[in-house]
S.K.: 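Following this message is one structure expressed as structure tokens.
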Amino acid sequence: MIEVRNIRKRFGHLEVLKGIDLQINQGEVVSIVGPSGAGKTTLLQIMGTLLKPDSGEVFLDGINPFTLNESALSSFRNTRIGFVFQFHHLLPEFTALENVFLPALIKRTNRKQAENRAKELLAMMGLAERMNNKPAELSGGEQQRVAVARALINEPAIVLADEPSGNLDSKNKKELHGLFFELREKLNQTFVIVTHDAELAEMSDRKIHLVDGQIVD
């Protein structure tokens with residue numbers, strides 16, 4: 001599924017990642033934990049092709065995306081990787097439905113097909129009655145469910161989530177955590193989640209502990 005080989009990354013004089021090796025299998029829910037500054041988000045961004053490593057390799061389904069040209073890399077990212085962030089990053093002028101199907105239009109999916117798939121995903125998220133609402137009309141938990149649906153619209157190989165429940169209250173946090181595992185069962189979806197939430201980390205199939213740029217267990 002996804003393999004990281006000897007990834008190193010430096011910002012100025014600070015070496016943030018110090019030779020990371022990691023393999024994640026199809027259908028796994030893996031959490032990455034560790035103290036602030038350990039390199040968790042940097043590793044996630046490299047896995048998501050948002051940041052290029054100084055050295056080392058990343059393979060997703062056997063493809064090293066960093067060997068692609070800029071246009072092919074953008075297409076690869078759009079079609080093969082889904083992202084969920086702490087702050088939903090929904091476009092405020094668009095409805096929930098429009099926010100979800102926009103990445104499919106970028107992929108050049110037929111608009112009707114994209115809309116139908118977005119409706120299916122929003123229904124799966126329990127938002128069938130809210131899809132025509134704009135983000136400002138949705139609760140924090142609802143907005144994050146829209147963001148998850150958006151991440152899934154192009155049927156990505158992997159979803160990368162950076163503190164996805166960090167901005168939610170305890171009820172919405174618990175519901176979101178349960179949703180990840182429900183999606184794994186329904187879609188065989190793979191998730192890699194950077195989190196400080198101990199409950200989510202313990203629920204995961206594996207917990208990767210990062211300290212000072214290295215995996216310690």
Side-chain angles (χ1 to χ4, degrees), residues 1-2 22-34 36 40-41 43-45 47-48 80-90 95-104 116-210 217:
M1 163 50 63
I2 190 164
L22 179 62
Q23 186 166 332
I24 293 161
N25 301 315
Q26 176 72 40
E28 275 196 297
V29 178
V30 176
S31 62
I32 300 177
V33 302
S36 296
K40 304 184 299 298
T41 294
L43 176 59
L44 200 75
Q45 289 177 339
M47 293 171 68
R80 305 296 290 151
I81 305 169
F83 297 94
V84 181
F85 301 100
Q86 179 176 352
F87 299 101
H88 331 290
H89 297 301
L90 301 178
T95 65
L97 180 63
E98 290 165 337
N99 267 282
V100 172
F101 71 64
L102 277 173
N116 288 339
R117 178 57 177 160
K119 288 175 181 178
E120 290 175 5
L121 288 168
L122 285 167
M124 193 182 297
M125 304 294 154
L127 295 172
E129 305 301 318
R130 306 286 278 159
M131 63 179 63
N132 292 317
N133 292 82
K134 293 184 177 180
E137 301 167 322
L138 302 173
S139 70
E142 288 172 335
Q143 290 183 53
Q144 197 62 302
R145 284 171 176 265
V146 173
V148 173
R150 179 183 59 189
L152 295 170
I153 188 67
N154 286 333
E155 300 181 354
I158 191 166
V159 172
L160 305 177
D162 193 359
E163 297 287 359
S165 58
N167 201 36
L168 300 180
D169 61 31
S170 58
K171 177 180 181 294
N172 283 307
K173 184 183 297 187
K174 189 170 184 177
E175 289 178 355
L176 182 67
H177 295 172
L179 179 63
F180 291 140
F181 293 90
E182 181 182 335
L183 291 168
R184 189 265 295 276
E185 295 307 315
K186 287 183 177 179
L187 306 176
N188 196 30
Q189 186 64 58
T190 307
F191 288 92
V192 179
I193 306 168
V194 164
T195 184
H196 282 104
D197 190 284
E199 180 183 2
L200 176 57
E202 290 304 322
M203 291 170 68
S204 302
D205 300 318
R206 279 194 292 150
K207 181 167 59 173
I208 308 299
H209 200 146
L210 206 61
D217 56 22

S.K.: Hey, mind stepping through Leu183 and Met125 against side chain to side chain contact (heavy atoms under 4.5 Å, CB included) and telling me if it holds?
M.R.: CA-CA 10 Å; Leu183 291 168; Met125 304 294 154; 4.0 Å; yes
S.K.: How far does CE of Met47 sit from CG of Leu160, to the nearest 0.5 angstrom?
M.R.: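 Nearest 0.5 Å value for the CE-CG distance: 5.5 Å.
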S.K.: Looking at every heavy atom in both Ala118 and Leu97, which two are closest together, and how far apart are they?
M.R.: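 Of all heavy-atom pairs spanning Ala118 and Leu97, the closest is CB-CD1, 3.6 Å.
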S.K.: Taking atom CG of Leu179 and atom CZ of Arg184, what is their separation to the nearest 0.5 Å?
M.R.: 12.5 Å
S.K.: When you measure from the side chain of Asp205 to the backbone N and O of Val30, does any donor-acceptor pair fall under 3.5 Å?
M.R.: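 No: the side chain of Asp205 does not pair with the backbone of Val30.
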S.K.: Over all heavy atoms of both residues, which pair between Val33 and Ala201 is shortest? Give the atoms and the distance, please.
M.R.: CG1-CB, 3.7 Å
S.K.: Is there side-chain contact between His196 and Ser36, with at least one heavy-atom pair below 4.5 Å?
M.R.: yes
S.K.: Show the nearest heavy-atom pair for residues Glu137 and Arg130, with the distance to one decimal.
M.R.: O-NH2, 2.7 Å
S.K.: Nearest 0.5 Å please: distance from the CG atom of Asp162 over to the OG1 atom of Thr41.
M.R.: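 OG1 of Thr41 is found 3.5 Å from CG of Asp162.
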S.K.: Does any N or O in the side chain of Gln26 come within less than 3.5 Å of the main-chain N or O of Asn188, such that one atom is a donor and the other an acceptor?
M.R.: yes
S.K.: Give the minimum heavy-atom separation between Thr190 and Asn25, together with the two atoms involved.
M.R.: CG2-O, 3.6 Å
S.K.: Are Phe83 and Leu44 packed together at the side-chain level, in the sense that at least one heavy-atom pair is separated by less than 4.5 angstrom?
M.R.: no
S.K.: Main chain of Glu98, side chain of Thr95: is a donor-acceptor contact present, judged purely on distance under 3.5 Å?
M.R.: yes
S.K.: Is the shortest distance from a Lys or Arg side-chain nitrogen in Arg117 or Glu120 to a carboxylate oxygen in the other one below 4.0 Å?
M.R.: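 Glu120 and Arg117: salt-bridged.
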S.K.: Leu127 vs Asn133, test: side chain to side chain contact (heavy atoms under 4.5 Å, CB included). Steps then yes/no.
M.R.: CA-CA 10 Å; Leu127 295 172; Asn133 292 82; over 6 Å; no
S.K.: Do any N or O atoms from the side chain of Asn154 and from the backbone of Pro156 form a donor-acceptor pair under 3.5 angstrom?
M.R.: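 Answer holds: no.
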S.K.: Between Ala147 and Val84, which heavy-atom pair has the shortest distance, and what is it?
M.R.: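 Smallest heavy-atom distance, with atoms named: O-CG2, 4.2 Å.
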S.K.: When rounded to the nearest 0.5 angstrom, what is the spacing between CD in Gln189 and CD in Glu28?
M.R.: 13.0 Å
S.K.: Working to the nearest 0.5 angstrom, can you tell me the gap between Asn99 CG and Lys134 NZ?
M.R.: 10.5 Å
S.K.: In Å, rounded to the nearest 0.5 Å, how long is the span from CD1 of Ile208 to CD1 of Ile24?
M.R.: 6.5 Å
S.K.: Do side-chain atoms of Gln144 reach the backbone of Pro164 as a donor and acceptor pair under 3.5 angstrom?
M.R.: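 Present.
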S.K.: One pair to check against side chain to side chain contact (heavy atoms under 4.5 Å, CB included): Phe101 and Leu121. What are the steps and the verdict?
M.R.: CA-CA 10 Å; Phe101 71 64; Leu121 288 168; over 6 Å; no
S.K.: I need the minimum non-hydrogen distance between Met124 and Lys186, along with the two atoms involved.
M.R.: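 Between these two residues, the closest heavy atoms are CG-NZ, 4.0 Å.
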S.K.: For Val148 and Phe180, run side chain to side chain contact (heavy atoms under 4.5 Å, CB included): C-alpha distance rounded to whole Å, both residues' side-chain angles, the deciding distance at 0.1 Å, then the answer.
M.R.: CA-CA 9 Å; Val148 173; Phe180 291 140; 4.2 Å; yes
S.K.: Do any N or O atoms from the side chain of Lys40 and from the backbone of Gly34 form a donor-acceptor pair under 3.5 angstrom?
M.R.: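 Yes, because the side chain of Lys40 sits within donor-acceptor range (under 3.5 Å) of the backbone of Gly34.
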S.K.: If we ignore hydrogens and angles and just use 3.5 Å, is the side chain of Thr195 paired with the main-chain N or O of Glu163 as donor and acceptor?
M.R.: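 No; zero donor-acceptor contacts below 3.5 Å.
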S.K.: Quick one, Arg150 and Leu90 - any side-chain contact, counting heavy atoms below 4.5 Å?
M.R.: yes
